[in-house]
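Inspection log for the structure reproduced underneath, given as structure tokens.
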Amino acid sequence: MTKPRLFRLWLALGSVFMVLLIIVYWDNVGTAHFYLHTTLSRAHALAPLPTPGQGEDKEFPSNVDEFLDKLLASGAKHDFSKKKTTQPPVQAPNKPADSRMEESVRGYDWSPQNAQQHPDAGRQQAERRSVLRHFCANSSLAFPTKERSFDDIPNYELNHLIVDDRHGVIYCYVPKVACTNWKRVMIVLSESLLDRGAPYRDPLDIPRERVHNSSAHLTFNKFWRRYGRFSRHLMKIKLKKYTKFLFVRDPFVRLISAFRSKFELENEEFYRKFAAPMLRLYANRTSLPASVSEAFSAGLKVTFANFIQYLLDPHTEKLAPFNEHWRQVYRLCHPCQIDYDFVGKLETLDADAAQLLRLLKVDAQVHFPPSYRNRTASSWEEDWFAEIPLAWRWQLYKLYEADFVLFGYPKPEHLLRG
């Protein structure tokens with residue numbers, strides 16, 4: 001009786017040991033296997049970049065990948081070419097007549113615009129991505145967070161990466177770069193907002209307040225609550241397999257647009273959180289009205305110079321990170337840690353949006369809303385910066401230099417000359 005019992009004991013201990021080995025292997029080798037190879041690790045010469053969706057193998061390289069994908073993302077549909085049968089479209093109920101008032105104030109033009117195709121859109125995209133990869137790998141450009149890996153990015157900094165599992169798309173939204181309409185498109189694609197049992201079909205039917213409600217989108221920072229310790233593995237799978245895109249804009253023009261939107265319009269939240277402190281610090285206002293309407297009636301408004309002084313003040317970031325409307329794109333979207341397949345620009349929004357939807361094979365399913373002609377034109381920069389001291393302009397450029405360089409925007413020499 002003794003030998004059989006010993007045999008069973010050793011068999012049980014051996015089984016436990018094998019399970020422990022598998023767990024150790026998973027935590028160490030598995031993590032290395034799924035490690036996202038960023039452009040920082042590529043010391044070799046850059047190869048010609050393929051057009052997204054062409055010549056790129058988006059399938060998993062091993063059975064382990066397939067296992068994780070099935071285990072953690074069951075039910076997700078990633079075939080770009082298949083279209084899901086849906087119910088007839090339903091208009092948003094009780095849509096207010098002034099639902100586009102804010103866009104109107106900001107200078108949106110909703111008249112149809114014909115998107116003209118760039119003569120060589122594929123090459124244009126390859127050039128944009130090549131510039132991005134080059135400067136991410138080049139030591140001549142240094143900026144905070146450049147050298148960290150994807151694993152080093154805290155979850156709260158991944159809140160701008162919106163995931164659509166139905167079509168295999170990841171969008172990093174940048175405020176003041178048509179992000180409201182791109183969020184609307186992502187909602188239509190993912191059908192995450194339902195009304196009367198049927199999805200929205202026209203992006204413009206989705207009210208702004210619902211577009212910017214965080215519950216309307218699945219973002220990377222929510223993965224931890226859903227998947228726990230497997231969240232980073234799953235993020236890397238989706239980053240490897242899905243089509244990733246972002247849209248950018250001339251950094252200085254984006255700042256002007258942010259200022260006009262948040263400080264020239266009566267915005268209660270931004271008045272209390274930002275404008276009032278700026279007026280106290282930089283305009284020597286010791287007593288201020290309680291509401292933004294009262295402040296505007298009294299002629300108390302933040303100037304563009306106050307705003308620039310706030311951005312350059314070293315105490316600003318010690319209190320809290322930049323607000324997303326003026327935070328640098330490299331801090332919002334981590335372009336040196338995430339290999340984006342498509343880099344769109346607001347300056348070529350019509351053509352880029354049409355090209356991207358074709359590449360995703362959803363152009364028959366959804367159309368990007370008619371483009372707007374924003375009043376914040378790059379030709380206005382000299383007027384906006386006329387009262388800004390030259391030293392401040394240089395400091396501001398250094399603060400946003402990485403966004404200029406990574407996304408191929410020329411150095412604003414006309415603003416930096418004495």
Side-chain angles (χ1 to χ4, degrees), residues 35-52 120 122-154 157-158 160-161 172 174 176-177 239 244-255 308 311-314 316-317 321-322 326-348 352 378 381 385 388-418:
Y35 182 77
L36 177 66
H37 297 286
T38 69
T39 52
L40 293 175
S41 64
R42 298 170 187 162
H44 54 78
L46 292 173
L49 301 176
T51 300
D120 195 344
R123 178 175 295 179
Q124 183 187 65
Q125 272 303 309
E127 290 173 353
R128 290 177 183 176
R129 296 174 63 215
S130 179
V131 168
L132 183 55
R133 289 180 175 182
H134 170 73
F135 283 107
C136 281
N138 193 322
S139 60
S140 65
L141 176 66
F143 54 88
T145 74
K146 177 184 178 181
E147 301 297 333
R148 68 181 178 180
S149 69
F150 180 76
D151 285 323
D152 294 329
I153 304 173
E157 290 188 20
L158 298 173
H160 279 242
L161 292 156
C172 184
V174 179
K176 309 313 303 174
V177 191
L239 286 171
K244 306 162 292 295
F245 77 94
L246 79 165
F247 272 72
V248 296
R249 184 181 194 176
D250 178 286
F252 279 5
V253 179
R254 178 173 169 245
L255 284 181
I308 300 303
L311 296 176
L312 300 178
D313 190 333
T316 297
E317 288 250 48
F322 275 178
W326 47 83
R327 194 180 308 165
Q328 298 91 331
V329 176
Y330 76 81
R331 296 170 63 186
L332 294 171
C333 296
H334 320 289
C336 288
Q337 289 76 29
I338 296 174
D339 187 12
Y340 285 94
D341 301 290
F342 191 96
V343 179
K345 293 191 174 184
L346 191 72
E347 294 81 3
T348 52
D352 288 354
S378 58
E381 282 183 319
F385 282 89
I388 306 300
L390 183 61
W392 289 14
R393 300 182 197 180
W394 272 102
Q395 291 178 54
L396 191 69
Y397 173 73
K398 295 303 293 183
L399 193 61
Y400 288 88
E401 181 180 25
D403 282 358
F404 276 99
V405 175
L406 291 173
F407 300 109
Y409 287 100
K411 188 175 181 179
E413 299 284 359
H414 60 295
L415 299 178
L416 302 177
R417 290 191 296 265

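Please read these numbers as outputs of a predicted model, since none were measured by experiment.
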Quiz item: Please walk me through it: do Val329 and Leu406 pass side chain to side chain contact (heavy atoms under 4.5 Å, CB included)?
Solution: CA-CA 10 Å; Val329 176; Leu406 291 173; over 6 Å; no

Practice problem: State whether Tyr409 and Lys345 meet the cation-pi test: NZ (Lys) or CZ (Arg) under 6.0 Å from the six-membered ring centroid, and within 45° of the perpendicular axis. | Solution: yes

Practice problem: Check whether any side-chain heavy atom of Leu396 lies under 4.5 Å from a side-chain heavy atom of Leu255, and answer yes or no. | Solution: yes

Quiz item: Can you name the closest pair of heavy atoms from Lys244 and Asp339 and give their distance?
Solution: CE-O, 2.8 Å

Practice problem: Look at the aromatic rings of Phe247 and Phe342 and report parallel, tilted or perpendicular, splitting at 30° and 60°. | Solution: tilted

Exercise. Output yes when a side-chain donor or acceptor of Glu157 lies under 3.5 Å from a complementary backbone atom of Arg331, and no otherwise.
Key: no

Quiz prompt | Residue pair Leu161 / Cys172: nearest heavy atoms and the distance that separates them | solution = CD2-CB, 3.7 Å

Quiz prompt | Backbone N/O of Leu416 and side chain of Arg393: donor-acceptor pair under 3.5 Å | solution = no

Quiz item: Can you tell me if Arg254 uses its side chain to pair, donor with acceptor, with the backbone of Val177 under 3.5 Å?
Solution: no

Quiz item: Is there a donor-acceptor contact under 3.5 Å linking the side chains of Ser140 and Asn138?
Solution: yes

Quiz item: From Glu381 CD over to Asp250 CG, what is the distance, rounded to the nearest 0.5 angstrom?
Solution: 5.0 Å

Practice problem: Any chance you could measure Leu312, atom CG, to Trp394, atom CH2, to the nearest 0.5 Å? | Solution: 14.0 Å

Practice problem: Evaluate the side-chain proximity of Val248 to Leu346: yes if any heavy-atom separation is below 4.5 Å, no if none is. | Solution: no

Quiz item: Does a side-chain N-to-carboxylate-O contact under 4.0 Å join Arg128 and Glu347?
Solution: no

Practice problem: Could you tell me whether the side chain of His334 and the main chain of Leu158 form a donor-acceptor pair under 3.5 Å? | Solution: no

Quiz item: Once the angle between the rings of Phe143 and Tyr330 is folded into 0 to 90°, is it parallel (under 30°), tilted (30 to 60°) or perpendicular (over 60°)?
Solution: tilted

Quiz item: With distance as the sole test, does Gln337 use its side chain to make a donor-acceptor pair with the main-chain N or O of Arg148 at under 3.5 Å?
Solution: yes

Quiz item: Going by the angle between their ring planes, with limits at 30° and 60°, are Phe404 and Phe252 parallel, tilted or perpendicular?
Solution: perpendicular

Quiz item: Taking all non-hydrogen atoms of both residues, which atom of Cys136 and which atom of Pro335 are closest, and how far apart?
Solution: SG-O, 3.9 Å

Self-check item: Sub-4.5 Å side-chain heavy-atom contact between Lys146 and Leu141
Solution: yes

Quiz item: Taking it one step at a time, do Asp341 and Gln125 satisfy side chain to side chain contact (heavy atoms under 4.5 Å, CB included)?
Solution: CA-CA 9 Å; Asp341 301 290; Gln125 272 303 309; over 6 Å; no

Practice problem: Enter the distance from Leu132:CG to Tyr340:OH here, rounded to the nearest 0.5 Å. | Solution: 9.5 Å

